[in-house]
Visitor: 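One structure follows; several queries about it will come next.
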Amino acid sequence: MDEMRRIAYTTVLRACAFASLAIFCVLIAMSFVPRSAFQAGGFLSLLMTLVLVLKAREARTKDHRRTEMWLYLPKESRPPQAVAQRMVSTVMRETYLLFARWSAIISIVMWAIALFFSVIGL
């Protein structure tokens with residue numbers, strides 16, 4: 001189970017890292033107007049949170065053999081077919097929700113920074 005969690009964490013982390021890179025590029029592109037940059041970053045982070053929550057919801061019904069985690073899991077570490085669907089969906093759901101929580105926190109921080117820039121007049 002620990003190896004499944006590690007692999008799930010790695011796959012979701014990689015996907016979130018790519019999304020974060022895109023958000024960072026938007027922030028850099030809009031850096032001439034800091035308030036707008038952080039508003040855009042907050043919105044895009046919130047969008048990433050919503051996608052992760054939807055993925056967590058989808059994980060309950062998605063065929064476990066079609067997940068990236070299952071492909072990376074060594075054959076000798078795979079659980080028996082009778083319990084594999086439930087184990088994989090539980091691990092993926094928990095992992096997606098963990099990253100959704102982190103993304104939501106980042107979104108709140110970006111919105112707070114945008115509010116700060118708005119208050120000071122930038």
Side-chain angles (χ1 to χ4, degrees):
M1 192 74 161
D2 288 335
E3 187 167 6
M4 288 175 65
R5 288 187 196 286
R6 183 186 57 78
I7 293 172
Y9 186 89
T10 303
T11 58
V12 176
L13 177 66
R14 185 178 59 230
C16 288
F18 282 122
S20 297
L21 177 63
I23 293 169
F24 180 73
C25 288
V26 170
L27 285 171
I28 294 299
M30 299 180 72
S31 63
F32 56 91
V33 183
R35 181 181 53 95
S36 296
F38 281 104
Q39 283 177 337
F43 174 76
L44 293 172
S45 295
L46 183 62
L47 186 64
M48 184 166 71
T49 301
L50 293 175
V51 168
L52 288 166
V53 168
L54 290 174
K55 294 292 284 183
R57 187 169 183 192
E58 176 196 36
R60 288 186 276 171
T61 57
K62 186 172 184 176
D63 183 12
H64 69 280
R65 293 168 293 180
R66 295 190 177 266
T67 61
E68 188 177 3
M69 185 202 61
W70 186 259
L71 296 174
Y72 285 127
L73 196 60
K75 291 189 192 280
E76 60 274 358
S77 298
R78 292 179 179 173
Q81 287 294 333
V83 295
Q85 177 65 40
R86 193 176 77 194
M87 289 177 71
V88 169
S89 64
T90 300
V91 168
M92 291 306 295
R93 184 173 181 276
E94 289 173 357
T95 307
Y96 282 130
L97 290 176
L98 174 70
F99 279 90
R101 200 172 305 125
W102 291 347
S103 179
I105 291 168
I106 291 169
S107 178
I108 291 168
V109 168
M110 286 195 186
W111 280 110
I113 293 170
L115 179 64
F116 172 75
F117 280 132
S118 180
V119 167
I120 65 170
L122 286 180

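Everything numeric here is computed off the predicted structure, so don't read it as measured data.
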Visitor: Applying side-chain hydrogen bond (donor to acceptor under 3.5 Å, both in side chains), can you list everything that pairs with Thr67, at least two apart in sequence or on another chain?
Guide: none

Visitor: Within this structure, what is the CD-CE distance for the pair Glu94 and Met4, rounded to the nearest 0.5 Å?
Guide: 10.0 Å

Visitor: Among Ile, Leu, Val, Met, Phe, Trp and Tyr joined by side-chain contacts under 4.5 Å, find the other residues sharing a cluster with Val33 and list them by chain and number.
Guide: Phe32

Visitor: For the residue pair Ala56 and Tyr96, what are the closest heavy atoms and their distance?
Guide: CB-CB, 3.6 Å

Visitor: So which atom in Leu52 and which in Ser103 form the shortest heavy-atom distance, rounded to 0.1 Å?
Guide: CD1-CB, 4.4 Å

Visitor: Where is the tightest heavy-atom contact between Leu71 and Arg78, given as atom of each residue plus distance?
Guide: O-NH2, 4.0 Å

Visitor: Side-chain heavy atoms under 4.5 angstrom apart, residues restricted to Ile, Leu, Val, Met, Phe, Trp, Tyr: same cluster for Phe38 and Phe116?
Guide: yes

Visitor: Could you give the distance from CZ (Phe18) to CG (Leu13), rounded to the nearest 0.5 Å?
Guide: 10.5 Å

Visitor: Between Tyr9 and Phe99, what is the ring plane arrangement, given parallel below 30°, perpendicular above 60°, and tilted in between?
Guide: tilted

Visitor: Is the backbone of Ala104 close enough, under 3.5 Å, to the side chain of Thr49 for a donor and an acceptor to pair up by distance?
Guide: yes

Visitor: One pair to check against side chain to side chain donor-acceptor pair (under 3.5 Å): Ser107 and Ser45. What are the steps and the verdict?
Guide: CA-CA 5 Å; Ser107 178; Ser45 295; 5.3 Å; no

Visitor: Report whether Ile23 and Val26 are members of the same hydrophobic cluster (ILVMFWY, side-chain heavy atoms less than 4.5 Å apart, transitive linking).
Guide: yes

Visitor: Rounded to the nearest 0.5 Å, how far does CD of Gln39 lie from CZ of Phe117?
Guide: 11.5 Å

Visitor: Count I, L, V, M, F, W, Y as connected when their side-chain heavy atoms are under 4.5 Å apart, and connections chain through other members. Are Tyr72 and Met69 then in the same cluster?
Guide: yes

Visitor: For Ala59 and Gln85, which heavy atoms make the closest approach, and how far apart are they?
Guide: O-NE2, 4.4 Å

Visitor: Does any N or O in the side chain of Ser20 come within less than 3.5 Å of the main-chain N or O of Cys16, such that one atom is a donor and the other an acceptor?
Guide: yes

Visitor: Working to the nearest 0.5 Å, report the span between CZ of Arg93 and CG of Leu98.
Guide: 12.5 Å

Visitor: Under 4.5 Å between side-chain heavy atoms, counting indirect links through other Ile/Leu/Val/Met/Phe/Trp/Tyr residues: same cluster for Trp102 and Leu97 or not?
Guide: no

Visitor: Can you tell me how far apart CE (Met110) and CG (Leu46) are? Round to the nearest 0.5 Å.
Guide: 11.5 Å

Visitor: First locate atom CG of Leu73, then atom CZ of Arg6, and finally report the distance between them rounded to the nearest 0.5 Å.
Guide: 9.0 Å

Visitor: With a 3.5 Å distance limit and no angle check, can you tell me whether Thr11 reaches the backbone of Ile7 through a side-chain donor-acceptor pair?
Guide: yes

Visitor: Apart from Ile28 itself, what residues make up its hydrophobic cluster when side-chain heavy atoms of I, L, V, M, F, W and Y under 4.5 Å apart count as a link, directly or indirectly?
Guide: Phe24

Visitor: Heavy atoms only: give me the nearest Val88-Trp70 pair and the separation to one decimal.
Guide: CG2-CE3, 3.7 Å

Visitor: Are Ile106 and Leu54 linked, directly or through other ILVMFWY residues, by side chains that come within less than 4.5 angstrom of each other?
Guide: no

Visitor: Which one of Met92, Met87, Arg86 satisfies the side chain to side chain contact (heavy atoms under 4.5 Å, CB included) criterion with Thr90?
Guide: Arg86

